[in-house]
Peer 1: 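Below: one structure in C-alpha cells.
Reminder, nothing fancy here: chain letters follow the sequence lines and each chain counts from 1.
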Amino acid sequence: MCASLRSLGMNDEHDAPIARYDAALAGEIERRWQDEWEAAHTFWAPNPAGPLADDRDPRADAEKLYVLDMFPYPSGAGLHVGHPLGYIGTDVFARFHRMNGRNVLHALGYDAFGLPAEQYALETGQHPRAATEANVANMRRQLRALGLGHDPRRSVSTTDVSYYRWTQWIFLKIFGSWYDAEADRARPIEELVAELERGDRPGPDGAAWADLDDLARRAFVDAHRLAYLEEAPVNWCPGLGTVLANEEVTADGRSDRGNFPVFKRPLKQWKLRITAYTDRLLADLDLIDWPEPIKTMQRNWIGRSTGASIRFPVVVHDGLEIEVFTTRPDTLFGATYMVLAPEHDLVDRIVPAEWPVDTPSAWRGSFGVDVLPADAVRAYREFASAKTEFERQAEGREKTGVFTGAFATNPATGDPIPVFIADYVLMGYGTGAIMAVPGQDERDWEFAEEFGLPIVRTVQPPPGPNGEEWEGRAYVGEGPAINSGFLDGLGVDEAKVRMGGWLLEVGAGAPTVTSKLRDWLFSRQRYWGEPFPIVYDEHGMPHAVPEDQLAVELPEVEDFRPRELDPDDADSDPEPPLARAEAWLEVELDLGDGPKRYVRETNTMPQWAGSCWYYLRYLDPTNEDALVDPAVERYWMQPGGVDLYVGGVEHAVLHLLYARFWHKVLFDLGHVSTPEPFHRLYNQGYIQAPAFRDERGIAVEASEVVERDGAFFHGDEPVTREFGKMGKSLKNVVTPDDISRDYGADTLRLYEMFMGPLDASRPWSTADIVGVHKFLQRAWRSVVDEETGEIRVADEPADAETRRVLHRTIAAVRDDMAELKFNTAIARLFELNNHLTKVVSDRGAAPRDVVEQFVLMLSPLTPHIAEELWRRLGHPGSLAYELFPVADPAELLDESVEVPVQVNGKVRSRISVPADADQAAIEATARADDRIGSLLADATVRKVIVVPGRLVNFVVG
RNA sequence: GCCCGGGUGGUGGAAUGGCAGACACGGCGGACUCAAAAUCCGCUGCUCGCAAGGGCAUGAGGGUUCGAAUCCCUCCCCGGGCACCA
C-alpha cells in the first residue's frame, strides 16, 4: 500500500469507520455515477435538427452554450495530470451553466494524425492507425474516469475517414476559390473564369482570353487560387528523404535524427493564401473577446506595416533594378549600401567577373584572398544555407556578409552604393532585399562598422542628458530630418509621406503596405496525414478530385518511411511514402473531357488541417451530406461563434490564426454564419513538476527522490531540483490514474482547480493533495454519519450566522465560477464547510437547506460525491440540471462595517461605522478614536481622505 | 535576437490603486488515546521589544500618488512562441 494512504491512516481497516469517504469509497461512487450518466444520456445536448435532435428533451428549448477545449493528440504515453487541467476547467464551467438552465454543448475529440504515430510505426512496424486507435481508447478511458460531462456522440477523431472526407472537402473549397480584392472576400473560381471569358477582367499581361491556349488559361487561373503550388525554400534532408522543421535542424546544419546534411533549397509545395486575409485577420480581432496579449501576439505575427517600395537601378546593367520594401522611406538619403538575401535571384545576374578596383579585402569574404566575386558569393551562400532562419535572426551581434562586386544608384542622392549579400536579410520577408541605413537601424549600423561603410544620419538624435547618448549608435527614434534635401526639418511621419509622394512623382517607387505574414506551407512528405484530393494530368497540372469521390482514403503501404536518398545530393527530390502505393497512385477519371489517367498527389496535409475545423464537426458529427447542417450551425455558433474556447497559450499564433483563416474562407463561401470561429478565448496555464538531475546532469525518476535536511537524494546520490513541463524526458510524470486510485477523481479535479488560477502555470505537488481530500472527507461528514453511513441533517431552519455565511458564499462562488476563478470559489466553499463543521459539532447536525445548497455548489467541481450526497439526501435524479443556488440579497447586507484608519498611509487603528455612514460621520468617528486622537493631537492635518466602506487616511505634516 | 507572459511567507496561492499574505500545504503547541493514526482546537512573513508597541517586507533600482504587489521607466531572472512538435 502506498505511503500517502498510510499517512492518512487508512491502513488499519478494522479501525476505520464503515462510511468514511476514502479512496475506495470514492472509486465506487465514481464508477457508479459515470455508468449512470452514460446510461441516462445526462450530457447529451440536443440539436435543433438532424439525427442529434430531440424535441422532447427539455434542454432543447434552453439558451445554448458552446464550451470547447483544444482537443488532444492521443499520445502513446497517455494522459498525465497536466493534460486535464483545461478539460476539468471547462467541465466545471459547463456544469455550472447547465445548472443555470443553458443547453450546453461540451465534447472532446482527437487530433490523431501526426508524426509520433508515424515514428512509432517505423520503429515497431505497427500500422499508425492501430497505434492511434489504441491510444484513443486509452485516453477515452482515462478521461471518462475523470467524470467529464461530454456528449460522447460528438467525439470525432481527425483520422476517421468520415471526418477527413470533410477536411478534404474544405481543401477543395479553398482550391476552388480566389480572393476578390474589390469585394474583399473569397469567391468561387468559376466566377473568375466567367469574368475572364466575358472580358470583364484582363488576362495575363493584358492578353485577350480568347487568344490563350488551354494550358495558359489554366496556369493563369491556378495562380489566383487560395490553394496553389509554388516553390518554397525548405530544409531538405535527402538522408532522411524528408523536409525538416527548423527545430529538427542542428546548429551546424545537420539533422537532429541521423545527423545527415540539411540543405536549404526550393521545393514545389502546396501553399494556402492566408496573406489575402491579412487585413481581415487584423481588423476582426476587434470582434472577439480574447486576452489582449494574445491579440497583440497575433498582430505582431501578422506584422502589417506601412512604408514604401523603392527601386534602385543597378549600375552598368540597364533596366535591372533592385526593389526593396522599407518602413522608413524618410531615411532614403541615408541609404549608403544595399543588402540582398543570399538566395535572392538577382544575385547571379549582378555579380561581375572581376572585383572593382579598390575593393577592400574585407569585402571579398573570408574564404580566400584571391577568389573572384562569383566564388566569394558561392562560398557565402553555402555558409548561409547551413543556418536556419531562426539562427539567422537570432545571431544578433556578429554580422557577416560579402560584397557582390555590384553597385546600385540611390535614387535620392544619385550616388552609387555597394550591394552586399548577408544572412541577416531574409528571403521570406518583404522583397528579400533592403536598403541599408546605418544611421537609423541598429543592424545596419553594426554591419556598416564591420565593413567600414559610410554612415549618414538623416534624423537628428536628441541631445540627451549627457550629450553623447547616441555616439556610436543608430538612432531609431523621432526627430527632425537632416542631410535629406527636401525633407530637412520634417518629423518622421511627415517625411515618410513627403518621400512617398516624391517616389511616385519621379517613378522610383510608391507608398506600400506589407506584412510579415507568409502564405501557409501546406505540404508534408509524410504518410500519416490527410491525402490531398488532387490529381495531376499529363502536363503536371493539378485537378480537383470530384466531391462525390471523397474521401480519398489513405492507401495501405508496407513501409511508412520516405525514400532515403544519397545524403549529400542536395538536388534530389523527395519521394513521400504514398509514392510507393502503386495501385493507388494512378487513377482513371472523367473530369469533363473523357476518361483519362491521372496521378495522385503524394504529399499529405499538415496536422493543423484537421484541427482547423473540428469545432464545426462536433455540431453535426454524423452528417453525410454536409460538413454541418446550416440550421445546426446557426443554433450553436450564432451570434459570435464558440462561446468559450480553452487551451494552452502555445497555440496563441499558429493554430488560432490558421483556424480563423479557414473559418473566414468558409464564411465567404456561405458555409458558416459567423466571421470568427471563437468568440471568447481563455488560455489555461500548464502544470509543471519538480524534476531532478544527478551530478552528470541526467534526469532521474522524480518519484524515487527523497528530501533529507533540505537537500535531495536519489538513493545516496545528491541530485538538484528544477521545475519543468511534465513529461517523459524529465522523468517527472504523474498520471491521473495514480491519483484517482489513491484519492479518487473528485479529489484530483478539486486539487487541479484549487492549485491556483486556471490561467497560470504552477508546479504539481502530490503532497498538497491531502488538503482537498480532507476537505471532501469533512464535507461528507457534514452530511453522512461515518460510523453508520446514515444521513444526518437537521430539518430546523438555519441560524442567522449560518444563513449569512451561506449567502455570502453563494454570491462569491457564483461570481467566481462565471469568471473561471475556481481556486477562490473553492476557498469560499472551504470556509462554508469549516462553518458547517462547527454547526455539526455544536448541534449534532447541519440544517438540510444549507447542506443541500452546499452540495449543489460543490457539484460542478466534484460531481460524483455531490451526486451521491444529493441521492442520499432523498433526491431521485441527477443534480446536473438542478438550479445553481442564488443568493438572497437581504442576507448580504451588513449593519456596520469595520474601516481601517491610516495616518500618512500607515494603518494605526480600526473603527466600526454604520454601513451607510457618510464621509463626515466616518471622519468624526475616526477622530474620536483614542489612538488616532493622540496621534493627531500634536500634528497639523493637511488633508483627510475618506473612502466610504474602505478607509480613512489623515495626511499630517 | 524578436514578440507575449510571470516573479508576493518554508510551499501553492489571495488581494488588480485603499487593512499585504484569504484559503490550503508544511511546521509548532494543545485536547482525545495505554500509545499512535484519524479527528478537533490554537499559533505560525521577517525583525526589535518582558510587554504595550515599533521597524522592515510583494525579483532589484527609480518615478507617479494622500496611498503602489497593483500604474510608469530601467535592469535581472523564469516560462511560452518564432511558421514541418502539437
Peer 1: Tell me which nucleotide among B:A24, B:C40, B:C66 gets nearest to the side chain of A:Phe754.
Peer 2: B:A24
Peer 1: Counting distance alone, no hydrogens or angles: does the base of B:C66 have a donor or acceptor under 3.5 Å from a partner atom on the side chain of A:Asn953?
Peer 2: yes
Peer 1: A:Glu831 side chain: which of B:C84, B:C4, B:A22 is closest?
Peer 2: B:A22
Peer 1: Quote, to the nearest angstrom, the P distance that separates B:A57 from B:G67.
Peer 2: 16 Å
Peer 1: Is the shortest side-chain N/O distance from A:Arg908 to OP1 or OP2 of B:G54 below 4.0 Å?
Peer 2: yes
Peer 1: Is there a donor-acceptor contact under 3.5 Å linking the side chains of A:Thr275 and A:Arg518?
Peer 2: no
Peer 1: Across the strands shown, which category fits A:Arg931 at heavy-atom distances under 4.0 angstrom: base, sugar-phosphate, nothing?
Peer 2: sugar-phosphate
Peer 1: From C-beta outward on A:Leu654, which listed nucleotide comes closest to its side chain: B:G13, B:A86, B:C84?
Peer 2: B:A86
Peer 1: Could you tell me the Watson-Crick or G-U partner of B:A60, where both distances fall under 3.5 Å? Say none if there is no partner.
Peer 2: B:U74
Peer 1: Is there a donor-acceptor contact under 3.5 Å linking the side chains of A:Ser782 and A:Trp780?
Peer 2: no
Peer 1: Describe the nucleic acid contact of A:His651 in one word from base, sugar-phosphate, nothing, applying a heavy-atom distance below 4.0 Å.
Peer 2: base
Peer 1: Given the C1' atoms of B:C25 and B:G9, what is the spacing between them in whole Å?
Peer 2: 13 Å
Peer 1: Given that both distances must come in under 3.5 Å, which nucleotide forms a Watson-Crick or G-U wobble pair with B:C84?
Peer 2: none
Peer 1: What interatomic distance, in whole Å, is found between P of B:C46 and the corresponding atom of B:C41?
Peer 2: 24 Å
Peer 1: Between B:G17 and B:C82, how far is it from one C1' atom to the other, in whole Å?
Peer 2: 36 Å
Peer 1: Who does B:G26 pair with, Watson-Crick or G-U, both distances under 3.5 Å?
Peer 2: B:U44
Peer 1: To the side chain of A:Ile945, which of B:C84, B:U39, B:C66 is closest?
Peer 2: B:C66
Peer 1: What is the nucleic acid contact for A:Val243, judged by heavy atoms within less than 4.0 Å: base, sugar-phosphate only, or nothing?
Peer 2: base
Peer 1: Tell me what A:Gln269 touches on the nucleic acid: a base, only sugar-phosphate, or nothing, going by heavy atoms under 4.0 Å.
Peer 2: base
Peer 1: Using purine N1 to pyrimidine N3 plus N6-O4 or O6-N4 for Watson-Crick, or N1-O2 and O6-N3 for G-U wobble, both under 3.5 Å, which nucleotide pairs with B:G17?
Peer 2: none
Peer 1: Apply ring pair (Phe, Tyr, Trp, His ring centres under 6.0 Å) to A:Tyr110 and A:Tyr73, showing your working.
Peer 2: CA-CA 6 Å; A:Tyr110 296 90; A:Tyr73 175 76; 10.0 Å; no
Peer 1: Does B:A86 have OP1 or OP2 sitting under 4.0 Å from an N or O in the side chain of A:Gln607?
Peer 2: yes
Peer 1: Check whether any side-chain nitrogen or oxygen of A:Asn683 sits under 4.0 Å from OP1 or OP2 of B:G5, and answer yes or no.
Peer 2: no
Peer 1: When you compare B:U11 with B:U16, how far apart are their C1' atoms, in angstrom units rounded to a whole number?
Peer 2: 24 Å
Peer 1: The test is side chain to side chain contact (heavy atoms under 4.5 Å, CB included); show your working for A:Arg762 and A:Tyr686 and say whether it passes.
Peer 2: CA-CA 7 Å; A:Arg762 62 310 278 277; A:Tyr686 45 90; over 6 Å; no
Peer 1: Between B:C84, B:C66, B:A38, which nucleotide has the shortest distance from any of its atoms to the side chain of A:Val955?
Peer 2: B:C66
Peer 1: Please state how far atom CD in A:Gln298 lies from atom P in B:C82, giving the value in whole angstrom units.
Peer 2: 14 Å
Peer 1: Specify the separation, in whole Å, of atom CD1 of A:Ile294 and atom P of B:C3.
Peer 2: 16 Å
Peer 1: Picking from B:C3, B:C40, B:A15, which would you name as closest to the side chain of A:Thr824?
Peer 2: B:A15
Peer 1: With C1' as the reference atom in both, quote the distance from B:C76 to B:G49 in angstrom, rounded to an integer.
Peer 2: 37 Å
Peer 1: Based on the glycosidic angle (syn within 90° of 0, else anti), state the conformation of B:G9.
Peer 2: syn
Peer 1: Side-chain N or O of A:Arg950 versus OP1/OP2 of B:A15: is the shortest distance under 4.0 Å?
Peer 2: no
Peer 1: Using the C1' atoms only, state how far B:A69 lies from B:U58, rounded to an integer number of Å.
Peer 2: 5 Å
Peer 1: Given atom NE2 of A:His773 and atom C1' of B:U39, what is their separation to the nearest angstrom?
Peer 2: 14 Å
Peer 1: Could you tell me whether the side chain of A:Gln119 has a donor or acceptor atom within less than 3.5 Å of a complementary atom in the base of B:C85?
Peer 2: no
Peer 1: Has the side chain of A:Arg526 got a donor or acceptor that lies under 3.5 Å from a partner of the other kind on the base of B:C84?
Peer 2: yes
Peer 1: Please tell me which of the listed nucleotides, B:A22, B:C4, B:C25, lies nearest to the side chain of A:Asn300?
Peer 2: B:C4
Peer 1: Using the P atom as the point on both nucleotides, what is the distance between B:G81 and B:C75, in whole Å?
Peer 2: 25 Å
Peer 1: For the pair made of CG in A:Asp842 and P in B:C40, what is the distance, rounded to whole Å?
Peer 2: 13 Å
Peer 1: Of A:Pro72 and A:Arg778, whose nearest nucleotide on RNA chain B comes first from the 5' end?
Peer 2: A:Arg778
Peer 1: Given B:C85, B:C4, B:A14, identify the nucleotide with an atom nearest to the side chain of A:Pro293.
Peer 2: B:C4
Peer 1: Go through the side-chain N and O atoms of A:Arg265 and A:Asn235 and say whether any donor and acceptor fall under 3.5 Å apart.
Peer 2: no
Peer 1: I'd like to know if the side chain of A:Arg524 pairs up with that of A:Gln607 as donor and acceptor (distance under 3.5 Å, no hydrogens or angles considered).
Peer 2: no
Peer 1: Under 3.5 Å, is there a donor-acceptor pair linking the side chains of A:Asp759 and A:Gln684?
Peer 2: no
Peer 1: Give the rounded distance in Å between these two atoms: CZ of A:Arg524 and P of B:C85.
Peer 2: 7 Å
Peer 1: Under 4.0 Å, counting only non-hydrogen atoms across every strand here, what does A:Met755 touch: a base, just sugar-phosphate, or nothing?
Peer 2: sugar-phosphate
Peer 1: Counting just side-chain N and O atoms, does A:Arg762 come under 4.0 Å of either OP1 or OP2 of B:G12?
Peer 2: no
Peer 1: Using a heavy-atom cut-off of under 4.0 Å over every strand shown, decide if A:Ser761 touches base, sugar-phosphate, or nothing.
Peer 2: sugar-phosphate
Peer 1: To the side chain of A:Tyr73, which of B:A83, B:C84, B:A86 is closest?
Peer 2: B:A86
Peer 1: Going through the distances and angles, do A:Trp764 and A:Tyr751 end up as a ring pair (Phe, Tyr, Trp, His ring centres under 6.0 Å)?
Peer 2: CA-CA 10 Å; A:Trp764 179 265; A:Tyr751 174 62; 5.0 Å; yes
Peer 1: In whole angstrom, what separates A:Leu776's CG from B:C25's P?
Peer 2: 12 Å
Peer 1: What's the closest nucleotide to the side chain of A:Asn823 if the choices are B:G12, B:G81, B:G13?
Peer 2: B:G13
Peer 1: Run A:Lys268 and A:Glu231 through salt bridge (charged side-chain N to carboxylate O under 4.0 Å, His left out) and show every step you take.
Peer 2: CA-CA 4 Å; A:Lys268 196 168 231 191; A:Glu231 303 251 309; 5.9 Å; no
Peer 1: Scan A:Tyr686 against the nucleic acid and name what it touches under 4.0 Å (heavy atoms): base, sugar-phosphate only, or nothing.
Peer 2: sugar-phosphate
Peer 1: Starting at the 5' end of RNA chain B and moving along, which residue's nearest nucleotide shows up first, A:Lys838 or A:Asp768?
Peer 2: A:Asp768
Peer 1: Rounded to the nearest angstrom, tell me the gap between atom CG in A:Asp759 and atom P in B:U16.
Peer 2: 14 Å
Peer 1: Would you mind classifying the nucleic acid contact of A:Ser523 as base, sugar-phosphate or nothing, using non-hydrogen atoms under 4.0 angstrom?
Peer 2: base
Peer 1: Centroid-to-centroid, A:Tyr682 to A:Tyr645, below 6.0 Å?
Peer 2: no
Peer 1: Touch check for A:Leu115, heavy atoms < 4.0 angstrom, all strands: base, sugar-phosphate only, or nothing?
Peer 2: sugar-phosphate
